[in-house]
Amino acid sequence: MTAADTPPAPDTSPAPETPLAPPAPAGWRPAPAPAVSLRHDRVRDADLLVLPERVVVLRGSAARILRLCDGTRDLDAIVAELTSRFPGAPVADDVPAFLGRMRAEGWVR
C-alpha cells in the first residue's frame, strides 16, 4: 500500500474548549444538523462545514467522512464503507472518535 492509497486521518485532537464526546447511541445514523451544510470552496480548494455565522475548514479526510453522514447509514455502515475504500487505515478507531466530536459540537445529530 502506498501513501496515496491511505487517506489522511481526520483531525481528532480535541480542542481545549471541546468536551469529550459521550459514546454514540446504538444504531446512531449521523446526519448534519439542520442548519449545517457541507460545501467545497473552489477558490481555496477546501472543503467547508458551513454553520450559522461560522465556517469550519475541514482537513484530512473529514469531508469524505461527513459526506457519508446522510442519516441513512449507521455508524457501523460508515466505518465498513471507509474500511473497504481504505484497507489498512485506522478507520475503526478514528471515524467514531471524529464523529463523536462532531456530535458533541452539535454539527452532526
Side-chain angles (χ1 to χ4, degrees):
M1 178 179 299
T2 66
D5 296 331
T6 305
D11 183 8
T12 58
S13 57
E17 68 280 355
T18 304
L20 293 177
W28 178 44
R29 295 179 182 274
V36 175
S37 65
L38 181 61
R39 300 216 177 124
H40 183 77
D41 181 343
R42 284 185 255 168
V43 173
R44 293 184 212 144
D45 192 27
D47 291 307
L48 309 172
L49 199 59
V50 180
L51 309 139
E53 300 184 25
R54 185 173 181 190
V55 174
V56 177
V57 177
L58 300 173
R59 295 182 289 169
S61 59
R64 231 179 257 150
I65 295 166
L66 290 172
R67 281 188 190 96
L68 295 175
C69 297
D70 57 8
T72 63
R73 299 173 183 92
D74 66 9
L75 182 57
D76 291 338
I78 292 169
V79 169
E81 173 70 24
L82 291 167
T83 299
S84 71
R85 288 185 193 179
F86 307 103
V91 172
D93 295 327
D94 291 351
V95 171
F98 170 71
L99 290 176
R101 279 192 46 227
M102 298 296 98
R103 185 171 164 252
E105 289 287 347
W107 301 343
V108 174
R109 57 176 169 83

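These numbers come from the heavy atoms of this one structure, side chains and all, not from hydrogens, waters or symmetry mates.
- Put simply, L58 and L48 are part of two different groups of oily side chains (I, L, V, M, F, W, Y) that touch within less than 4.5 Å, one to the next.
- With a 4.5 Å cut-off on side-chain heavy atoms, D94 and I65 do not count as touching.
- Using a 4.5 Å cut-off between side-chain heavy atoms of Ile, Leu, Val, Met, Phe, Trp and Tyr, with links allowed through other members, L51 and F98 fall into the same hydrophobic cluster.
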(message) As a quick check of understanding, evaluate side chain to side chain contact (heavy atoms under 4.5 Å, CB included) for V55 and D41, giving each step before the final call.
(response) CA-CA 11 Å; V55 174; D41 181 343; over 6 Å; no
(message) Please determine whether side chain to side chain contact (heavy atoms under 4.5 Å, CB included) holds for the pair E105 and V56, giving the CA-CA distance in whole Å, both sets of side-chain angles, and the decisive distance to 0.1 Å.
(response) CA-CA 12 Å; E105 289 287 347; V56 177; over 6 Å; no
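- Here the CZ atom belonging to R67 is positioned 13.5 Å from the CD atom belonging to E81, to the nearest 0.5 angstrom.
- Closest heavy-atom contact between A33 and G106: CB-O, 3.3 Å.
- The two residues P32 and C69 come nearest to each other via the heavy atoms CD-O, 3.1 Å.
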(request) Just do the side chain to side chain contact (heavy atoms under 4.5 Å, CB included) check on L49 and R39 with the steps written out, would you? (result) CA-CA 6 Å; L49 199 59; R39 300 216 177 124; over 6 Å; no
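- A continuous path of hydrophobic side-chain contacts links V57 to V50 [ILVMFWY only; heavy atoms under 4.5 Å].
- Considering only heavy atoms from C-beta on, W28 comes within 4.5 Å of V108 through its side chain.
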Show me the donor-acceptor pairs within less than 3.5 Å that the side chains of residues 72-80 make with the rest of the protein, sequence neighbours left out.
unit_1	atom_1	unit_2	atom_2	d
T72	OG1	D70	OD1	2.6
T72	OG1	D70	OD2	3.2
R73	NH1	L68	O	3.0
R73	NH1	D70	OD2	3.0
D74	OD1	D76	N	3.3
D74	OD1	A77	N	2.8

